[in-house]
*Asks:* 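Quick one: structure below, then a few questions.
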Amino acid sequence: MEELTVDVLRAWARTALADLARARTEIDELNVYPVPDGDTGTNLYLTWEAACDALPKGELTFTEAIQAFGRGALLGARGNSGVITSQLIRACGLRLDENLPHHDSRMSEAAAFADALKYAADAAYGAVAQPVEGTMLTVARAAATGAMTAANDGKTLADVCLAAVASARQALTRTTEQLDVLRRAGVVDAGGAGLVVILGAMESVLTGQHVRVDVPARVEPQGESAESQDGPAYEVMYLLDAPDDKIGDFRQALAALGDSVVVVGGDALWNVHVHTDDVGAAIEHGIDIGRPHRIRVTHFDDQAHHHEPAPSRAVIAVVAGDGLAGLFTEAGARIIRGGPGRRCSTGELLQAIEQSQAPEIVILPNDQDSIAVAEAAATAARQDGIRVAVIPTRAQVQGLAAIAVHDPDRSFDDDVVHLSAAAGQTRHGAVTIAVKDAWTMAGRCRIGDALGVVDGDFALITGDLEEAALEVVDRLLGGGGELLTIVTGRDADPALADAVERHVRRQRKDVDVVVYDGGQDRYPLLIGVE
């Protein structure tokens, strides 16, 4: 692929988000600089997710897409690494839009991409009051240098991207020796590791081959632990409406209050980040030149030492239909809408956690793709002192089994154990109709074929939905079970569930059957066996 288009931007956004979700925990574990609060991977994921969510669906020009993506990153940036990443995204996108051939530029796609990486790296350095080498800034500049060298040699766009990723990886490995705090802990820079993941996603899109970016493991620490380092007690972040010409002096004023000062943005909207002991002064400096809003203050000691919460708990469940929403609500859960074609966001989960005002939270994602989102939300909520457990429910019926044994009078740990056990002991399946020709784990399907799903994989293809449903049930019950749960979809024929119920009562008199109206799309039946 040799063109940078809106489709490429969308593909890069999706791929990078998925890769950051997979690498999030590992990146968190690398986080010892500027403070060892273990949230860099989570902050990068949340920042990137905000950018993705801001990218509108439908037809867009490249300019519209770039502006929306960059603004989403700016507004949703979290933490030191997230704010710097938002600057990289915004600057890179705006520079690309200026220089791509569709704007009658003389630059090739490859040269425009390399130039945009260089412009973004310079902009990121400029946004930080006191740039430090051995951080993601170093990795960004190395990526740009590698890309520029390849572009000057007349390389293709894909080769330029490959050179950028290779240079970024090399720079990342060197960060351990560039910063004493990293060397003592035996890690590479966490923000730099995240940036390598993001660039690797672009390489995957441009080459058409998925590039697995492994986060470097810890090496033997050299010296005392990084945990003992001292520094400011608070992280202060806010959005600031202020004139562009006031930002230079404002950035320096913040630098006098603390460290890790990053101010990014433009066109009178800025995202402000500082570590300081004087929260009031950090906010007052913003008031002096404009209007601070969405102010967030985090006490680092509270992040590291969570206090035992009061015995009050909320369960938050992601649901795929109106009937399912009613079932979970009746069982005492707060609900968020999800399901096929509608992935819930980390922001929605965080909002639900905040609205619950409960110090203990249990999340039931009820979908394989929502588990990583739930884990990211949990990590972010824990930074605010909230105790959160994610039960890795991969299907709605596993969530129903879990919520059925929820008891708020138990201790938090005991409740989590019971919910996890109930979900884990529930095998799950479903039936659906193929909407396109495709290859599946069960072979090639055609439009209109009935598909049977067992434990998350397409396991059979038939010409009849009832036949598929009976086969799925038999396979699930083949491993034993005492209770069969059937959840009917929004447009399901009532006769389908009746046929399954008759089949089970005839073949397995030892199995109880319950049928619920779930109202979910795409899947006429969801099936669970406990």
Side-chain angles (χ1 to χ4, degrees), residues 14-15 17-19 21-22 24-25 210 212 317-321 324 327-328 336-344 363-376 390-404 419-445 449-462 465 467-481 483-490 492 496-497 500 516 518-530:
R14 290 193 304 268
T15 303
L17 186 65
D19 289 350
R22 282 190 288 269
R24 181 185 60 80
T25 301
H210 186 260
R212 179 177 174 82
V318 181
V319 302
L324 285 161
L327 291 171
F328 279 101
I336 294 176
R337 292 308 180 104
R342 204 260 180 234
R343 178 181 65 85
C344 75
I363 303 177
L364 302 173
N366 298 337
D367 172 70
Q368 177 65 47
D369 293 337
S370 296
I371 292 176
V373 177
E375 292 284 4
V390 177
I391 312 298
T393 49
R394 292 170 170 79
Q396 297 287 318
V397 290
Q398 286 188 315
L400 288 173
I403 195 67
L419 268 65
S420 297
Q425 292 166 6
T426 302
R427 300 191 65 198
H428 55 95
V431 292
T432 188
I433 299 294
V435 295
K436 63 180 179 180
D437 295 349
W439 283 101
T440 73
M441 294 290 289
R444 184 169 179 79
C445 69
D449 282 345
L451 306 177
V453 182
V454 176
D455 288 333
D457 291 325
F458 287 108
L460 58 101
I461 302 170
T462 74
L465 201 57
E467 179 185 347
L470 298 183
E471 178 65 21
V472 168
V473 167
D474 287 344
R475 292 194 188 190
L476 292 175
L477 287 174
L483 175 66
L484 177 78
T485 301
I486 301 172
V487 181
T488 60
R490 184 162 61 91
L496 181 60
V500 173
Y516 298 119
Q520 71 275 0
D521 290 328
R522 298 192 190 177
Y523 290 92
L525 294 185
L526 302 176
I527 303 164
V529 170
E530 301 172 54

*Asks:* Looking at Ala422 and Thr426, what are the two nearest heavy atoms and their distance?
*Replies:* O-OG1, 2.8 Å
*Asks:* About how many Å separate CG of Leu476 and CG of Leu484, when rounded to the nearest 0.5 Å?
*Replies:* 8.0 Å
*Asks:* Nearest heavy-atom pair of Pro365 and Ile371: which atoms, and what distance?
*Replies:* CG-CG1, 3.7 Å
*Asks:* Looking at CZ of Arg14 and CG of Asp19, how far apart are the two atoms once the value is rounded to the nearest 0.5 Å?
*Replies:*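 It comes to 12.5 Å.
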*Asks:* For Asp474, give me all partners under side-chain hydrogen bond (donor to acceptor under 3.5 Å, both in side chains), at least two apart in sequence or on another chain.
*Replies:*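 Only His503 meet the side-chain hydrogen bond (donor to acceptor under 3.5 Å, both in side chains) criterion with Asp474.
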*Asks:* Check whether any side-chain heavy atom of Val472 sits under 4.5 Å from a side-chain heavy atom of Leu460, and report yes or no.
*Replies:*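 Yes, side chains in contact.
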*Asks:* Scan for salt bridge (Lys or Arg N to Asp or Glu O under 4.0 Å) pairs involving residues 518-530, sequence neighbours excluded, and state none if there are none.
*Replies:* Arg490-Asp521
*Asks:* Looking only at heavy atoms, what is the nearest atom pair of Thr440 and Cys445, with distance?
*Replies:*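 Result for this residue pair: CG2-SG, 4.0 Å.
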*Asks:* Atom CZ in Arg475, atom CG in Leu470: separation rounded to 0.5 Å?
*Replies:* 12.5 Å
*Asks:* So do the side chains of Thr432 and Phe458 get within less than 4.5 Å of each other, counting heavy atoms only?
*Replies:*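 The answer is yes; the side chains approach within 4.5 Å.
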*Asks:* Taking side-chain contact (heavy atoms from CB on, under 4.5 Å) as the test, write out the residues that go with Ile391, two or more places apart.
*Replies:* Val362, Leu364, Thr393, Val416, Leu419, Ser420, Ala423
*Asks:* For the CG atom of Leu17 and the CZ atom of Arg24, what is their distance to the nearest 0.5 Å?
*Replies:* 11.5 Å
*Asks:* Side chains of Gln520 and Val487: does their closest heavy-atom pair fall under 4.5 Å?
*Replies:* yes
*Asks:* Can you list everything that forms a salt bridge (charged side-chain N to carboxylate O under 4.0 Å, His left out) with Arg427? Sequence neighbours excluded, please.
*Replies:* Asp455
*Asks:* So, for Val529 and Gly480, which heavy atoms are closest and what is the spacing to 0.1 Å?
*Replies:* CG1-O, 3.5 Å
*Asks:* Please check if the side chain of Gln396 supplies one atom and the backbone of Val318 the other of a donor-acceptor pair under 3.5 Å.
*Replies:* yes
*Asks:* For Leu525 and Ala497, work out which heavy atoms get closest and say how close.
*Replies:*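 Closest approach of Leu525 to Ala497: CD2-CB, 4.2 Å.
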*Asks:* For Val373, enumerate each residue passing the side-chain contact (heavy atoms from CB on, under 4.5 Å) test, keeping only those at least two apart in sequence or located in another chain.
*Replies:*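 Testing Val373 for side-chain contact (heavy atoms from CB on, under 4.5 Å), a comparison that skips the adjacent residues, returns Tyr45, Glu49, Arg343, Cys344, Thr346, Leu349.
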*Asks:* Look at the side chain of Asn366 and the backbone N and O of Val319, then say whether any donor-acceptor pair between them is shorter than 3.5 Å.
*Replies:* no
*Asks:* List the residues meeting side-chain hydrogen bond (donor to acceptor under 3.5 Å, both in side chains) with Gln368, not counting sequence neighbours, and say none if there are none.
*Replies:* Arg394
*Asks:* Does the side chain of Thr485 reach to within under 4.5 Å of the side chain of Leu526, using non-hydrogen atoms?
*Replies:* no
*Asks:* When rounded to the nearest 0.5 angstrom, what distance separates OG1 in Thr25 from CD in Glu375?
*Replies:*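 Reported value, rounded in 0.5 Å steps: 6.5 Å.
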*Asks:* How close do Leu451 and Ala434 get, counting heavy atoms only, and between which atoms?
*Replies:* CD1-CB, 4.0 Å
*Asks:* So do the side chains of Ile527 and Val500 get within less than 4.5 Å of each other, counting heavy atoms only?
*Replies:* no
*Asks:* CG of Asp367 to CD of Gln398: how many Å apart, nearest 0.5 Å?
*Replies:*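 Answer for the CG-CD pair, Asp367 versus Gln398, is 11.0 Å.
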